[in-house]
Every structure is written in C-alpha cells, then in structure tokens.
Amino acid sequence: MHSFWTGLALAGRWLVGSIAVALFLAAIGWIGHRALYRTGVAADQIQLTVVHWGDDDEDKIVAALVSDFEKENPDIRVKRVNPGQAAAVNTKLQTMFASGDPPDVMQLGYEKVADWGSKDLLLDLEPLLAADSAAKVPNALNLADFFEPVINCFRYDGKRVGRGALVGIAKDFTTAGFYYNKDLFRKAGVEFPKDDWTWDDFIAAARKIARLDGCYGAEFVTWEAMVRLYIWTEGVDFANEDFSEFRLKDPQLIGTLARLRSWFHDPAEVRTFFSAKTQLETGEDLFLSGRVGMSGPLGRWKVPTFRLIKDFDWDFAPLPRGKTQANGIFTSAWAIAKDSPHHDASWRLVRYLCGKRGQELSCGPGLAIPTMRTVAESELFIDPAQKPERDDAYLAMVPVARTIDWPSDPRYLHTLRTILETLLKTGALSAGDAMARVDRDWSAIRADQPVATPIAWGRLGLWLGLPTLAALALGFAAWWRGRPGKHAFAEERAGLLVISPWLIGFILFTAFPVLMSLLLAFCDWSGLNTIDKARWVGFANFTAMFKNETFRKALGVTAIYVLFAVPVGQLAAIGAALLMNHELKGIGFFRSAWYLPSVLAGVGMAVLWKWVFDDQSGLLNEFIRILSPLISTPLSWVGISLPTFQNIGWLEKDAERYAVAAFVIIGLWSIGGGMMIYLAGLKGIPQELYEAASIDGAVAWRRFTNVTLPMLSPVIFFNVIIAIIASFQVFTQAYVMTGGGPGDATRFYVVYLYNAAFDFHQMGFASAMAWMLLLIVLALTVLVMWGSKRFVYYEALKS
Amino acid sequence: MKPNRLFLYFALSLGSALMLFPLWWMFVVSLSTPEDASAAATTSAGGALKLWPKNWLFSNYPQALAKMGSGTPWFGFLDAASNTILITALCVLGQVLSCSLVGFGFARMRFRGRDGLFLLMISTMMLPAQVTMIPLFILFRTFGWIDTILPLVVPMFFGTPFYIFMFRQFFAQIPEALVEAARLDGCGALGVWWRIMLPICRPVIAITAVFTFVFVWNDFLGPLIYLHSEEQMTLAVALNSFKNQYGDFRDAHLLMAASIVTMLPCIVLFFVAQRQFVGGLSLGAVKG
C-alpha cells in the first residue's frame, strides 16, 4: 500500500515536471516563432507609440481606427499601449517621460491639462490645424465643427485652462446629471424630474423614495468634480478664476456644502442617500439593483452598463438647479508629445482618430458624446431605439457647462479630494472645519516655493567624490598592506571572486540608485523631464514633510497599522505553527492550505476583500451579527445590555476607526510565510529538551514557556524585524482596494509616497520620503535589537 | 504527546476552510453564467453567496483566455504566458546559481572584509524598493534595455540578499571535513560549490526556486514599468489590463477565470514542492 502511494506521488511529480518542461519548450517555440514571422517595423516605416486607456469597448474602437489608419498610411506603424486604468497610465507615462522616451500620441484627461500643460510636455496643435487648412488637406479638422466649450477644455495659457495654446483635440465628452429609476418614482408617487428641477425637488423626491421598503432615495457621487458642479449651481466656487485667491471662508459655500453633508449624515435623513461610493472599482452598483431612486451626478459613461437593465425603466435628467443652472464638461483628448520625433506622423494619426469616422464609431457603445456637433446631433448619437430616452438632455446642458479647471499643481486637487471625502463619506469633519483645512493646505501649497538653484555638480562632486575616493583608496591600501601570505591571498582572491556577482550587482543595482535617490531627496524634480532638469533645494523637501498634514496623517496611520499588525500577525503565526507542529495524517495538506494565500496575489483578491468588508451585506458584518448574541446574551443575564450591532462601514463611512483593523485582518490571511519559518524553528528544537523537562515534571504550559519560547526566540526576533520592515511598506492592497481613501483613512506611508512621485510629480519629495522611511525602519530595527538582548537566546553564544 | 486529536483536526480544518474559501469562491464565480457572476460580485444588489456552482461552465475559461490582449484572439494570452514562462525560468535559474554561489562565498571562503560586506548586504534588505525604482529605470534606459526582458532577468543573476542569507546559513552548518575531502581531491572553490555544496542543499534551492518563481510570476510593477509593447507583456500585467477591460461586474466570471489560470502554476508548484519546502525550512536554514 505504502509503496503504491509513494509511486503515485512520484508519478505525479514526474507528470508535473514533464508538463513544466513541455510548457517551457512551447514558450520558447512561441517566442521564437514570433520573433521570426510576425511583421515588425520595416526600415522605411515610422513607428508611433500611442498610450491610451479604456475598457474593452473603447479599446476595440481605437484598435479598429488604428488598423484602418495603418492601411491608409503604409509608411506608419502604430504601437498601442493600453495599461488600463488611469493610475497605470500615469505610472507608465511618467516613466516614459522621465526616461526621455515619451509616447508620440497619448490620451489626456481634462483634469490633467493644467498639470501637463504647465510642464511644457505637449505640442501646441493650433499651428498644425492652420497649416492643414492652408494646404487644403482633404480630411483637415475644422474646429468650427466641434462643440466650442469642449475644445476649450484643452487650451492652456500657462496659468489657466480654457484659453491659450491647444494641447489636445477632444475626442469625446459628457455633461453630468442624474439617472433615475422611473418605476420607483411611480411607486412613490413622485413626478419625473423636469428639465428645470431644483435641489429642493431632488431631495423631496429622494426622501419620498426612501420611505419605500428597502429602498434608498439617491446615490450621490462625491468626486471633487461632481461636488464642484453642485456648488456651481449655487453660484459659489472654491476659488476665483485662476485660483490666485481662495474663497473657502465664504459662508455661502460652507452653507451649500453643509446642506449636502446633512443629506448624508443628518440622523433625520433615514436612507435618503446611499453610501457616497459608486465607483467602478467596487464592482457593485446599487442603481442596477433597482433599490435606489436616483444616481448621480454622473456622465454618459454609465449608459452601456445601464442599458443591460431589464427589470425596471430608467432615464436621465439634467443636474438640478440651485440659484442658477450649471454643469461641467468631462472629456478626454488626443495629445502629441513635444519631444516626439514624429510630429507630422503623429498629427496625421490624431487627425484620423478625431475625424468623422472615429466620432461615429464612438457612438456605438453609447458611453460618450462625440465632440463633432454634426455627429452628436445625428441619429447615431440620439438613437431613439436605445435608452436613455433623453439623449438630448446631455446636449442641452452644453451651453451652461463650464471647463472643470484645476490648478497645475496636482496637490490642490488631491487635498480637496481627500478632505471632501472626509466631509461627505465619513462625516468626520463639519463643512466649516473642512473648508478651513482646505484653506490651510492650499495656502501651504501656495507658499511651498522652495528656492531652487541648479545643482552645483562641481562642488557636489568635490564634497562627495573626494572623500569617497579617499576612503576607497585608504581602504584598498589597508587591504593591500595587510594581505596575508601567497597561499592565503590566493584564497582571498578566490573568495572575492565567488561573491563578486553580488558585489557587482550591489554597486550597479543598489548603491548607484540609492546614491542617486539621495541626491534627488535634496532636489526638486518632476520626473516628467530628464534628470538634468533637476534643481537643488537643500533640505526643503524634509522641512516640507513635517509641515505637511497629510504626511503626518500617513505616518500616523502606518504607525498604528504596524503597532497592531506586527504583534497580531506574529501571535497568529506562532499559534498556527504550534498547530502545524503535530505529526498528523494529512498535515501536509493543512500546511499547504494555510500557506497558499501567501502565494497568491492578484486582482481577484482585491475584488474579494471589497466584498468581505462591504458594509451592507459583507461577509464579515454577517459573521459578527451571527456571533454577537454569544457575547451579548450572557451579559444580559447579569444585567448589562449592549447596543445591538450596527453594520460597520469598514472601508467606507467608519473607515477612520475601522479601516486599519480591516487591513490587519487582511494581513492575517497571509500569515503562511511567518508560520513556515516558525515551524522550521520548532522543528529545530531538540526533542531531548522536552524529554528532560518532562522528567523534571514540567506540564505542557511550563514546557512551552521554559523550552519552546526561549529556543524559538531567535526566530521570533528574525520574524519580528522582517514583519516591521514589511508592515511599514504596506502598499499593494491599500492601493488597489481603497487608493488611500476615504479621506486619508488608509493613506499608508508608501501609498502617499507613490502619490507624491506619480500623482504630484514630486520625485524629490518622494525620494526624501523614501529616505525618511529607511531611517525610521533602521531606528526601529536597532531599537528591537537592543531591546531583545535580554530575551533572545542564542545557543551558539552560550557554548 | 496526546493532544486532543479531534480538536486539532477541527481547528486545522476550520482554518483551512477560512484560508481556501476565497479561492473556492473565485472558482465558483468563474464557472457561473454572466448573470450569476454579476449577482455574486454585486453583493448589495442582493446577490446571494453561492457555495456551489449552479452550472459548470468551463467554456468560460477558453472564452476569457481568447479575449486577453487586443490583437488576434488567443495571441494575447499565448504571448503573455510564453513571456512569463521564459522570464520566470531565467530568473529562477539566475537566482539559484548566483545566490548559492555568493552564499557559499560568505559561508566558506576566508577573506578580509567578509563580515563587513555581509552586514552591508543584510542591511540592504531594509531598503524600500521605491527608493531605487526611478534611478534603476534611468540606468536600464542608458543600457538600452527598455522594452526587453533584460531589466527583469539580469539583476536576478547578481543575487538577492534574502536568499544569499539563507544559503549562507545552510552552508555554514556543513561539516568542514566534507569540504576538506573535496579539496584534497583537487577541487577548487568553484568545484566545491558545484560538486559538493549544490547537491546537498536541495531544500534551500527548492525554497529559493519556489519563492522566486512566485515573486516573478506575480510581479506587476516591474513589467509594467519596463515593458511597453503588448507583445512583451507578462501575465500579471495582461491580467490587470484584462481587469480594466472586463473588470465590470458584468464580466466577473471571465475575470475570475483569467485570474485562476494565472494563479494556477503557483498553486500547483506549491503543492508539489510543499514537502521539500517544509523539510528545507526545518533544517534551520533561517535561524536569526
């Protein structure tokens, strides 16, 4: 019997091994075949790189256009890069620009115009348009054919968006409004929204619908752009036109925001609003369930999804009016990099992408409005056979729609976003306090203009290079002088030779980048141009760090996380290892099962966790609800009554209190690595020690405290240090699941570092943060080492 | 030793269920019809938690894989899979060779400055990857390596501190007599490493290989930054693009199917190597 199983296991291993080899050979074959036979770029062809985003439908449109363009222009080959969501696009573009190898053509969102325009990275397209019309090019673009307010979203004059050089040609756009569930409106006896409905009508309808069983009145999207549209309808704004003067203390602004906050958080508002979150990344959409009356402010992009609704009737209504009617334009454009060597070919491509055919294709899935008036006003867009019925409502808003402009420094937008989230989602701030905080932060950003000077390479080289050289020379001299006899010296050379792979790798891939980032920590560099554009700012990045409220918050959140995650995780891992240390049948399976989650990483996991922590019907809340009587019932016998369990909005409305706990729980799921190392440590404890202890009459607990723990202490020490280092660097889960929000509730250190580097274009500040992290971790490690001297038992040192 | 076996099995099974449940859930969703999948993914839409697949739609799998990438059907997946396999194989090879060699040097060769260099190496383990990301990119660009697999593969041939550390700890325990015997037989340093050390450190090799495999296979940021063209993409990046193209709850079943295919090699490898693995760790290879 035994030999049968061993044989089977062996056969299984052989099978897996042969499959692996076969796959490897197949992979080599495929790549080789690809290299030999797939058509590359011919010598007389121009290769253009296009970076864009978009889901499957959009991707297909761009792919079709590009392939037709290539057929019409055999001298051009186009390489499309679609990293997917906007964050990946940003990382991608940043590295491409930083390396001096920008894409030729890229998709540009309206909110990035000032940011990118101010870095002087984009080509002014106006002269190209003029040249086309002068040369009477047959398919020349005529701006008069387009919606003017939409075109103007991509103008930037160095200070303001909306006028000046044309840095992109808008490909499509949308205005915003509310989608509403007609069935619920009928059921609640509410009139359908009229074109000039007001916020009072809106909230009255929401309250009525909320009274229906299990329904919510409305879902209000709290993106900063949407909030801005909302305050525009009351005739107020966060700042004046060019953001030179902030209007955050305006009582009217605060009152308008307080009203919105009260709809969310006022105890009298029962189910008037559902959670503020309706983003795609949650993978859920309450409106689709038919239990929410209105959803918005949202743009046209929701239409393809909503068209799948079969259970109820719906339509689109324009944004309600307040004192005035207002709206904004959400759009993206095709832009050309200034540093591209192929301006002419790129322009031909952009002309094609924005041309009539491209506009007509984009009507297909229904997710955006073409920017060419003739196409937008044709049956292609206003398709009576397709929902929504009120396609014209989007177009009717164009005359009152404004450019949603933001200052060129992305930190303004980011600050506003996080504070609005805190105001509206978690409700942790009042409107007045929130605006006061925005005012403080914005003023700090405005004042943050460090004195930047060119890097004094000569002086720097002298100060750093000379001592380094001297130290190296001295070290080498000492090493040479102290060289042992011939024989030993040969061994010495052999030893250095053997470790040389690491030594070379260290110099190239560690020492050099580290020194470079140290240099950057004292510089101001956007990372969008080549590194020779970096400017010296001295310690400004470090002083700015401590004045920065978000930085302090990020450090605090991370510290709390480390404080809980490390002990909880290590205790769980030790417990698991103790369980696993029994020689039971099938223990191999259990070990594997417990370890498996540590091996898995991926996007599926993030979706899953979102679902576990969902506040309405998430698994964890259900679990707690089922278990809570176990605690509350016995307590009620002795006269203590606990309040009934309320759903916890782990990553949403209660994020300020519970989000860190949620991440600690997620961490528990991957204790496998630590468990394995502890298990190894347990296996290494000599059995005789336990026997001796038993003879001495020690019970299980004593054996654990007197033998297991001391013998395990070096491993615990090792694991704790590794865990501290890893916990300080917590990033991926938070980045994928919450992106740091809501507010700054999960903005862990590295998440903020990433924001600084890739969202704010502050490579210098990010490098300074990285160095600060290194110092913190180093200090903690030393502290742990010093503190552990008493507790850690080293066998080797005793003998 | 007579612990309550029943309790042990209960605790172990409960833990296993908690650990494996999400995976099972992904599997169930991957076999569902689009309607069931979106119901499972949109919990607040009243979607019930399904523990058993209603339909066993294995056809979701070829459908998902064929849709990867934006060119000819299947090409995206075949490209990504081939690239990932090649990169991973090279990385594992490079990692095992370099780390064992360097670990051997630190453990068994005598040269001045050895302990200082070792300490230096250990301390680099604390460096956050973010510190070196941009400078490394600039470096690789000067080499002209962008959009090739070289930036992902070559550094692996220069060793990684964590594994070097592990190899060193292991090698340090091997009796000197064994090494002496080999020396007397006329082996040089490289000979000792190749003929004596490598064959007896199979558990550490297994750990290094498996960890490296898993890391490289799942690595997202590296390929995202260094590879531009779709032809060169790895599965992790392709999966993320897939998520962005089909991440809508409408296509949850396809996303889960693609995710599972991507994770499958790691799971299989883990179960196969599990014995080696546990055995290897218990040799005290990682004692602080």
Side-chain angles (χ1 to χ4, degrees), chain A residues 13 16 23-24 27 30-31 55-56 59 63 79 81 84-85 95 99 283-284 286 288-289 491-492 494-496 498-499 501-502 505 509-510 513 516-517 579 582 588 590 592-594 597 599-604 608 611 614 616-617 676-677 680 683-684 714 717-718 725 729 753 770 773 777, chain B residues 8 11-12 15-16 19-20 22 26 41-46 70 78 82 85-86 89 98 101-102 105 109-111 124 126 128 130-132 135-137 141 155 158-159 189 214 218 225 228-229 239-241 243-246 249 256 259 263 266 270-272 274 278 281-282 284 286-288:
Chain A
R13 217 169 299 172
V16 171
L23 281 177
F24 178 70
W30 180 264
I31 292 173
D55 67 358
D56 187 37
D59 195 81
K79 187 155 81 176
V81 180
Q85 89 271 41
T95 42
S99 68
E284 62 181 63
L286 193 73
L288 293 166
S289 71
E491 187 180 340
E492 192 150 87
L496 283 177
V498 165
I499 65 153
W502 171 74
F509 305 130
T510 309
M516 190 155 156
S517 86
L579 269 181
H582 292 97
F590 290 120
S592 308
W594 286 48
V599 179
L600 305 177
V603 290
L608 180 83
W611 171 76
D614 186 86
Q616 289 303 304
S617 52
M676 284 300 190
I677 296 178
K683 295 251 176 242
F717 172 68
F718 176 82
I725 295 173
Q729 295 180 25
L753 190 153
L773 178 64
V777 171
Chain B
L8 267 180
L12 286 170
S16 306
M19 293 295 191
L20 294 182
M26 287 177 71
T42 57
T43 49
S44 47
S70 54
L78 289 175
S82 305
I85 291 173
L86 181 68
S98 61
L101 181 65
V102 175
M109 306 292 287
R110 276 182 290 263
F111 53 95
T124 60
M126 277 176 226
Q130 290 77 13
V131 178
T132 54
L136 272 181
F137 186 86
R141 190 177 163 270
F158 292 90
V214 169
N218 289 326
I225 291 177
H228 291 174
S229 47
L239 185 69
N240 192 57
S241 303
K243 177 192 141 206
N244 294 312
Q245 288 181 33
Y246 301 97
F249 61 92
M256 290 305 161
S259 304
M263 293 191 306
C266 290
F270 180 71
F271 272 90
V272 171
Q274 183 269 129
V278 179
L281 284 167
S282 65
V286 267
K287 264 196 197 167

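Chain identifiers are assigned alphabetically (A, B, ...) following the order of the sequence lines, protein sequences preceding nucleic acid strands; residue numbering begins at 1 within each chain. Everything numeric in this text was worked out from a predicted model, so none of it was measured. No hydrogens, no waters, no symmetry mates; every other heavy atom, side chains included, goes into these values.
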Set of side-chain hydrogen bond (donor to acceptor under 3.5 Å, both in side chains) partners for B/Ser82, sequence neighbours left out:
none
Can you see which heavy atom on B/Met109 is nearest to which on A/Gly495, and at what distance?
CE-N, 3.5 Å
Segment of B/Thr124 engaging chain A (4.5 angstrom heavy-atom cut-off):
side chain
When the 4.5 angstrom heavy-atom criterion is applied to A/Leu773 and chain B, the contacting part is side chain
A/Leu496 versus chain B, the contacting section by heavy-atom distance below 4.5 Å:
both
CE/B/Met26 to CE/B/Met263 distance, rounded to the nearest 0.5 angstrom?
3.5 Å
How far does OG of A/Ser592 sit from CE of A/Met676, to the nearest 0.5 angstrom?
6.5 Å
If the condition is ring pair (Phe, Tyr, Trp, His ring centres under 6.0 Å), which residues does A/Trp502 pass it with, not counting sequence neighbours?
A/Phe506, B/Phe106
Region of B/Leu101 in contact with chain A, defined by heavy-atom distances below 4.5 Å:
both
What option among B/Ser98, B/Ala189, B/Pro155, B/Ala89 has the most heavy-atom pairs under 4.5 Å with chain A?
B/Pro155
